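The block underneath contains the structure these notes are about, expressed in structure tokens.
Residues take their numbers from the sequence shown, with the count starting at 1. Keep in mind that this is a model prediction, so the values were computed, not measured.
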Amino acid sequence: MPDEFTLQRSKDLIEHYTRFRAELDASKGGGRFMPYSWWSLPRPLPMNWLAYSLMLQEYASELANIINDLTHHVNRLRAWAAVITPLSDDEKFEVTHEFIDMLGTVALGQPYAIKSRFAYAAGHLCHQANQTKSPTNWKDDFPKKNLYLNDIEPYCRGWKKYRRFKLRVESIAGSLFNQDSDNFRHAYNHEFSPRFVLGLTRMVSRIEEAGGVKYTFGGNKPLDLTEVADLLEKERDKCYLAFDAFQKLVEEQIAAIRTYEADQEIAKTDT
């Protein structure tokens with residue numbers, strides 16, 4: 001049986017979560033949600049486009065999912081920021097440990113994940129759609145390693161809509177985001193990241209300089225939830241623009257597939 005302390009702690013956490021849900025429900029929210037199943041491939045679809053079709057279904061849906069998750073997370077962080085404001089430090093610690101740490105950690109990592117997933121999706125789709133441009137010379141030589149924009153450039157540059165897409169994706173999780181988030185993702189995975197709401201980290205920092213090494217003392221302040229939400233809102237909006245550009249790129253590819261298949265039918269008729 002749980003002891004009295006555990007029961008009271010659970011009761012308090014439930015009350016805090018109830019206030020969070022009330023705050024979230026009462027808020028106007030923000031942003032917009034990415035659509036699903038917005039494309040239209042030729043029907044019937046020849047087997048040589050099966051890989052493209054299945055990739056598009058998965059990649060477009062998963063990109064919509066993670067961007068929509070980021071939209072929800074921004075709204076959740078704002079709601080928690082309002083809930084914890086009047087709490088004591090002890091209460092803030094409990095709420096942060098139970099709810100906010102995981103939410104904030106996932107949310108701050110999402111812009112990087114979205115940026116990488118855009119590159120992965122566009123690279124594979126462009127590679128498959130390139131069959132429309134030179135089917136006799138097309139080689140299935142796509143790289144196996146982790147894909148970044150520079151890696152997919154040779155497979156994508158032949159598409160007119162790719163340039164705008166690349167510019168949109170490049171702006172996500174840039175140097176300013178790293179700076180303003182205190183390089184959270186890198187520090188979380190490789191060092192000791194700043195905490196949320198309460199607590200200091202990096203009490204000692206070792207800095208190499210020309211001619212020697214110095215140590216600084218003092219620590220990094222915790223991340224403020226409203227500031228994190230503001231920062232992620234900017235990244236969220238960049239993701240919206242990148243998704244719009246992704247749609248345009250896919251529409252260009254599907255138009256090329258339709259034209260290619262129409263030409264194939266004409267060639268069959270002529271023979």
Salt bridge flag under 4.0 Å for residues [X] and [Y]:
| X | Y | answer |
| --- | --- | --- |
| Glu23 | Arg21 | no |
| Asp69 | Arg76 | no |
| Glu208 | Lys214 | no |
| Arg195 | Asp101 | yes |
| Glu4 | Arg9 | no |

Compute the centroid of each ring, for [X] and then for [Y], and state whether the two points are separated by less than 6.0 Å.
| X | Y | value |
| --- | --- | --- |
| Tyr240 | Phe243 | no |
| His72 | Phe33 | yes |
| Phe118 | Phe165 | yes |
| Phe20 | Phe99 | no |

Would you please test Val169 and Arg164 for side chain to side chain contact (heavy atoms under 4.5 Å, CB included) and show each step?
-> CA-CA 9 Å; Val169 173; Arg164 172 59 63 87; over 6 Å; no
Looking at side-chain heavy atoms only, is the closest gap between [X] and [Y] below 4.5 Å?
| X | Y | result |
| --- | --- | --- |
| Ile257 | Pro42 | yes |
| Ile152 | Cys126 | no |
| Thr96 | Leu198 | no |
| Gln57 | Trp39 | yes |
| Pro111 | Phe177 | yes |
| Leu87 | Val95 | yes |

Can you tell me how far [atom2] of [Y] sits from [atom1] of [X], rounded to the nearest 0.5 angstrom?
| X | Y | atom1 | atom2 | answer |
| --- | --- | --- | --- | --- |
| Glu235 | Ile67 | CD | CD1 | 12.0 Å |
| Glu94 | Asp89 | CD | CG | 12.0 Å |
| Ser61 | Ile66 | OG | CD1 | 13.5 Å |
| Ser134 | Lys139 | OG | NZ | 10.5 Å |
| Asn65 | Leu70 | CG | CG | 12.5 Å |
| Ser193 | His186 | OG | NE2 | 11.0 Å |

Assess whether side chain to side chain contact (heavy atoms under 4.5 Å, CB included) is satisfied between Arg258 and Ser40, documenting all intermediate values.
-> CA-CA 10 Å; Arg258 289 184 181 280; Ser40 178; 3.4 Å; yes
Shortest non-hydrogen contact from [X] to [Y]?
| X | Y | result |
| --- | --- | --- |
| Asn75 | Leu24 | O-CD1, 3.6 Å |
| Gly30 | Arg236 | C-NH1, 3.6 Å |
| Glu261 | Pro46 | OE1-CG, 3.3 Å |
| Ala121 | Leu63 | CB-CD1, 4.0 Å |
| Leu125 | Leu56 | CD2-N, 3.8 Å |
| Arg32 | Thr71 | O-OG1, 3.6 Å |

Does the cation-pi check pass for Lys133 over Trp159, that is, NZ or CZ under 6.0 Å from the six-membered ring centre and within 45° of its axis?
->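 Judged by the rule, Lys133 and Trp159 form a cation-pi pair.
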Please assess Met55 against Gln128 for the test side chain to side chain contact (heavy atoms under 4.5 Å, CB included), listing each intermediate value before the final yes or no.
-> CA-CA 9 Å; Met55 286 177 176; Gln128 293 296 324; 3.9 Å; yes
Checking side chain to side chain donor-acceptor pair (under 3.5 Å) for the pair Gln8/Asp12: CA distance, chi angles, key distance, verdict?
-> CA-CA 6 Å; Gln8 184 59 48; Asp12 292 341; 2.9 Å; yes
In one Ile/Leu/Val/Met/Phe/Trp/Tyr side-chain cluster, 4.5 Å: [X], [Y]:
| X | Y | answer |
| --- | --- | --- |
| Leu249 | Trp38 | yes |
| Ile84 | Met102 | no |
| Tyr188 | Leu225 | yes |
| Ile172 | Leu241 | no |
| Leu54 | Tyr120 | no |

Okay, side chain of [X], backbone of [Y]: is any donor-acceptor separation there less than 3.5 Å?
| X | Y | result |
| --- | --- | --- |
| Trp138 | His127 | yes |
| Ser171 | Arg168 | yes |
| Ser116 | Ala113 | no |
| Asp182 | Phe184 | no |
| Ser10 | Leu7 | no |

Just say parallel, tilted or perpendicular for the rings of Tyr59 and His124, cut-offs at 30° and 60°.
->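 Because their plane-to-plane angle lies in the 30° to 60° range, the rings of Tyr59 and His124 count as tilted.
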Which residue pairs pass the side chain to side chain donor-acceptor pair (under 3.5 Å) test when at least one of the two sits in residues 105-115, sequence neighbours left out?
->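 Passing the test, one end in residues 105-115: Tyr112-Asn178.
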Intermediate values then yes/no, side chain to side chain contact (heavy atoms under 4.5 Å, CB included), Val250 and Lys161 | CA-CA 9 Å; Val250 168; Lys161 300 298 182 180; over 6 Å; no
Go through the steps for Tyr162 and Tyr155 under the test ring pair (Phe, Tyr, Trp, His ring centres under 6.0 Å), then give the verdict.
-> CA-CA 10 Å; Tyr162 174 70; Tyr155 302 89; over 10 Å; no
Over 12 foreign heavy atoms within 6.0 Å of CZ, Phe5 |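 Incorrect, the count does not exceed 12.
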Using distance alone, with no hydrogens and no angle criterion, decide if Tyr36 and Asn68 have a side-chain donor and acceptor under 3.5 Å apart.
->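 Side chains of Tyr36 and Asn68: pair found under 3.5 Å.
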Decide whether Tyr52 and Gln131 meet the rule of one side-chain donor and one side-chain acceptor closer than 3.5 Å.
->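 Side chains of Tyr52 and Gln131: no pair found under 3.5 Å.
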By side chain to side chain donor-acceptor pair (under 3.5 Å), which residues pair with Glu252, not counting sequence neighbours?
->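 Glu252 satisfies side chain to side chain donor-acceptor pair (under 3.5 Å) with no residue once adjacent residues are dropped.
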